[in-house]
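Structure record follows, encoded as C-alpha cells.
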Amino acid sequence: MTQSETHPTASFPDEEAVSGRLNALRAGVLGANDGIVSVAALLVGVVAATDNASIILTTAVAGIAAGALSMGVGEYVSVSSQRDAEQAQLERERAWHDHRPEWELEQLTRLHMETGMSEATARQAAIEQTAHDPLAAHARAHLGIDPEELVNPWHAAFASLGAFTLGGIFPLLTAVLAPHDLKAPLTFAVVIVALAISGTVSARLGHAPRLRAIVRNVIGGSLAMVITYGIGSFFGVHV
C-alpha cells in the first residue's frame, strides 16, 4: 500500500495549508487592498485640488503611515479579542470536563451523530477521543477551535501593517513622480492593475473564482477614486 493510500492528504499537500492561507488572505491581501485603495483615493482627491508637489508628497506619506498604523493596531486589537474569547471558551470547557465528564461525553456523542454517524459509532469515537484528549476533541467539535492553533494577534498586526504599506507605495510613487497633468489618470491605471493583481492573488490563495475577485476589487477601488476625485475637484475650484 502506497503512502498516498495510507494517508489520503499526502497527495494533496495544498489542502493541509488551507487554514494558514486563509489567514494570510485576510491579514495580507486585504491589507494590501486597503493600502492601494485608501492611499490612491486620498491622493487623487488631493491631486484634483492642487498641483503642489510638497502637499501631495506629505499627504501620501501621512496617509500611508496613518493607514498602516491604524490597520496594524486594529488587527492587533481585533485578533487579541478573538484570542481572549477563544481562551475563555477553552477554560469553560476545561472546567466542565472536570465537573461533568459524563455530560460532556454525551454531548460529544450527539455532535458526532449530527455529522451522520450512527449512535454506536459516534459514541465509540467520543470515548476514544475523550480518552486521548477530551478538551481538544470537544473544542474542535463544539467550538470550532483548535487549542494548538489559536490566532496570533502579532502576526496579524504586522502582516496587515506591512501589506498596507506595500499597497500604498504604488499610488504614492505614481502621484509623486508623474507629471501633474498625468498624475490622476496614471494613478487610476496603476491602481486598477494593482487591484487586479491583488484580486488574482486572493483568489489563488482561497481557491476562489479569479474573475469575480478581480472585478470586485477593480470596481470598488475605481468607485472610491472617482468619488474622492470629484470631491477634490470641487474644493480645488471653490476654495
Side-chain angles (χ1 to χ4, degrees), residues 21-75 78 156-239:
R21 287 187 172 188
L22 290 178
N23 186 53
L25 171 67
R26 182 189 61 78
V29 176
L30 296 185
N33 280 353
D34 283 341
I36 295 168
V37 175
S38 299
V39 176
L42 176 65
L43 288 179
V44 295
V46 174
V47 166
T50 180
D51 60 357
N52 188 303
S54 296
I55 293 177
I56 295 172
L57 177 59
T58 301
T59 301
V61 174
I64 290 179
L69 291 172
S70 176
M71 288 288 293
V73 172
E75 281 290 334
S78 175
F158 284 119
S160 184
L161 186 152
F164 186 99
T165 302
L166 180 62
I169 287 176
F170 296 102
L172 179 152
L173 292 177
T174 306
V176 170
L177 299 179
H180 181 72
D181 292 341
L182 297 177
K183 287 184 185 297
L186 282 179
T187 299
F188 268 86
V190 168
V191 168
I192 288 174
V193 172
L195 288 174
I197 293 173
S198 68
T200 301
V201 173
S202 67
R204 183 176 180 83
L205 288 174
H207 302 291
R210 187 174 304 177
L211 181 60
R212 183 186 304 169
I214 293 173
V215 170
R216 184 169 53 231
N217 276 9
V218 171
I219 290 178
S222 299
L223 182 61
M225 288 189 292
V226 168
I227 292 173
T228 55
Y229 185 82
I231 293 173
S233 298
F234 176 80
F235 281 96
V237 171
H238 292 85
V239 174

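What you see is a predicted model, and the numbers here were worked out from it, not measured in a lab.
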- To the nearest 0.5 Å, atom OG1 of Thr200 lies from atom CD1 of Ile214 at 3.5 Å

- Closest non-hydrogen atoms of Met225 and Ala40, given as atom of the first, atom of the second and distance, are SD-CB, 3.8 Å

- Message: Minimum heavy-atom separation for Ser222 and Phe188, please, with both atom names.
- Response: O-CE2, 4.3 Å

- Message: To the nearest 0.5 Å, what is the distance between CZ on Phe164 and CD1 on Ile169?
- Response: 11.0 Å

- Task: Report the distance from atom CG of Asp181 to atom CG of Leu186, rounding to the nearest 0.5 Å.
- Result: 10.5 Å

- Calculate, to the nearest 0.5 Å, the distance between atoms CG and NE2 belonging to Asp51 and His180 respectively. 4.5 Å

- Leu161/Met71 under side-chain contact (heavy atoms from CB on, under 4.5 Å): CA gap, chis, key distance, verdict: CA-CA 6 Å; Leu161 186 152; Met71 288 288 293; 5.9 Å; no

- Query: For Tyr229 and Val44, which heavy atoms make the closest approach, and how far apart are they?
  - Reply: CD1-O, 3.4 Å

- In terms of heavy-atom contacts, Ala203 and Ala213 come closest through CB-CB, 4.0 Å

- Ignoring hydrogens and angles, tell me if any N or O in the side chain of Ser78 forms a donor-acceptor pair with the backbone of Gly74 under 3.5 Å. no

- Query: Which pairs count as side-chain hydrogen bond (donor to acceptor under 3.5 Å, both in side chains) when at least one residue sits in residues 187-198, sequence neighbours excluded?
  - Reply: Asn33-Ser198, Ser198-Asn217

- Item | Ile36 side, atom CD1; Ile192 side, atom CD1 - distance, nearest 0.5 Å | 12.0 Å

- Set of side chain to side chain donor-acceptor pair (under 3.5 Å) partners for Ser38, sequence neighbours left out: none

- Would you find a donor on one side and an acceptor on the other, under 3.5 Å apart, between the side chain of Lys183 and the backbone of Ala178? yes

- Looking at Ala175 and Ile56, what are the two nearest heavy atoms and their distance? O-CG2, 4.0 Å

- At their closest point, which heavy atom of Gly168 faces which heavy atom of Val39, and how far apart are they? O-CG1, 3.7 Å

- Task: Measure the spacing between CG of Leu42 and OG1 of Thr59 and express it to the nearest 0.5 Å.
- Result: 6.0 Å

